[in-house]
Amino acid sequence: MEELIEKIKIDIIEQLNLEDVNKEEVGPDDLLFGEGLGLDSIDALELIVLLEKKYGVKVASPEEGKEIFKSLRTLAQYVQEKAG
Amino acid sequence: MYINASVQLSNQTLYKNGVKMVDWPEQEELKSLFKKRQTVYPKFYKMDNLCKLGILSSELLLEGLELEAIEPEQRSLVIQNAHASLDTDQRHQSSISNPKEYFPSPAVFVYTLSNIVLGEMAIRYNFKGENACTSHRELDIEKLIVDTSILVEEGTQTCMAGWLNFYNDKYDAILFLIETTKRGMALPFSIDNLTELIHK
């Protein structure tokens with residue numbers, strides 16, 4: 001799980017052009033939106049594309065997204081669960 | 001009306017108020033230029049190249065100038081370019097051209113309009129007045145004067161006006177700060193003075 005979290009973290013920083021983010025400072029349970037990493041609504045759409053493109057995992061509903069995109073850990077759990 | 005400041009930025013040179021400031025031996029990327037300024041604005045890195053050019057040029061144009069006395073609604077933008085958002089349009093196109101690899105990026109798609117750069121500049125510098133974005137083969141100074149003058153007649157006190165073009169890694173920006181009161185260079189707003197400030 002920790003390895004997957006790390007991989008997703010690197011993918012997010014790269015895909016979302018988070019140039020000013022130091023990857024060492026982002027913890028697995030930090031919030032991705034709001035006061036955490038500060039992602040916005042376009043980033044949320046970009047995350048949906050990233051999950052499908054790199055992990056073959058689809059997010060079906062926006063409501064589901066709220067929980068999945070809470071932190072790196074919830075994202076990794078979802079990927080692990082769906083990717084089987 | 002006065003031309004109070006100007007900036008001309010391309011891959012290889014930077015002119016400020018008509019004076020050459022830097023000559024880069026190699027073509028300089030917008031991202032590395034912005035990083036060197038140590039400006040904290042994370043959104044910059046998420047923007048497309050045309051918007052990066054708009055923000056960096058504005059940053060250079062407005063540095064050291066106080067805008068607080070001017071109401072945001074009295075600050076306007078008049079921008080021209082040749083390639084509109086074609087650079088980003090083509091990036092988007094390449095992400096959807098293969099049906100088997102169909103992954104359009106929302107972060108790219110939102111920049112597929114030429115006037116988005118005006119929105120980014122307006123947000124960053126609180127320019128909430130009118131704005132105009134038109135496409136031409138090259139900078140049309142007469143039209144720039146007409147458009148800026150109309151906005152001033154309608155209450156604009158400060159206007160960033162000029163040219164922002166990005167295509168195939170080649171960029172070219174010419175921005176003037178046109179204001180109703182004197183400061184900085186304080187050159188009368190005329191075709192001759194605008195032309196003289198542009199280095200071919």
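First the proteins, then the strands, lettered A, B, ... as listed; each starts at 1. Hydrogens, waters and symmetry mates are skipped; everything else that's a heavy atom, side chains included, is used.
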Path from [X] to [Y] over hydrophobic side-chain contacts below 4.5 Å:
{"X": "A:Leu37", "Y": "A:Tyr78", "result": "yes"}
{"X": "B:Val7", "Y": "B:Leu62", "result": "yes"}
{"X": "B:Leu65", "Y": "B:Phe176", "result": "no"}
{"X": "A:Leu75", "Y": "A:Val26", "result": "yes"}
{"X": "B:Leu113", "Y": "B:Val78", "result": "no"}

Distance in Å, B:Tyr45 OH paired with A:Leu18 CG, rounded so as to fall on 0.5 Å steps: 12.0 Å
Nearest-0.5 Å distance that lies between atom CG in A:Leu50 and atom CZ in B:Phe103: 10.0 Å
Contacts of type side-chain contact (heavy atoms from CB on, under 4.5 Å), residue B:Ser32, not counting sequence neighbours: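 side-chain contact (heavy atoms from CB on, under 4.5 Å) list for B:Ser32, sorted by chain: B:Glu28, B:Glu29.
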Pairing residues for B:Ile150 by the side-chain contact (heavy atoms from CB on, under 4.5 Å) criterion, not counting sequence neighbours: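 With sequence neighbours excluded, B:Ile150 shows a side-chain contact (heavy atoms from CB on, under 4.5 Å) to B:Val146, B:Glu154, given in chain and number order.
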Proximity of residues 38-47 of chain A to chain B, residues having a non-hydrogen atom under 4.5 angstrom: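 Residues in range: A:Asp40, A:Ile42, A:Asp43, A:Leu45, A:Glu46.
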Residues from residues 1-17 of chain A approaching chain B under 4.5 Å (heavy atoms):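 Counting heavy atoms that sit under 4.5 Å from chain B, the residues of residues 1-17 of chain A involved are A:Leu16, A:Asn17.
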Near [X] [atom1], under 6.0 Å, is it more than 12 heavy atoms from other residues, nucleotides or ligands?
{"X": "B:Lys128", "atom1": "NZ", "result": "no"}
{"X": "B:Gln90", "atom1": "CD", "result": "yes"}
{"X": "B:Glu196", "atom1": "CD", "result": "no"}
{"X": "B:Arg91", "atom1": "CZ", "result": "no"}
{"X": "A:Lys53", "atom1": "NZ", "result": "no"}

Segment of B:Lys43 engaging chain A (4.5 angstrom heavy-atom cut-off):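 No part of it gets close to chain A.
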Atom of A:Val49, atom of B:Pro106 and distance for their closest heavy-atom approach: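 Looking at all heavy atoms of both residues, the shortest contact is CG2-CD, 3.7 Å.
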NZ/NE/NH1/NH2 to OD/OE distance under 4.0 Å, B:Lys46 and A:Glu19: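 Here B:Lys46 does not pair with A:Glu19 in a salt bridge, since their nearest N and O are not under 4.0 Å apart.
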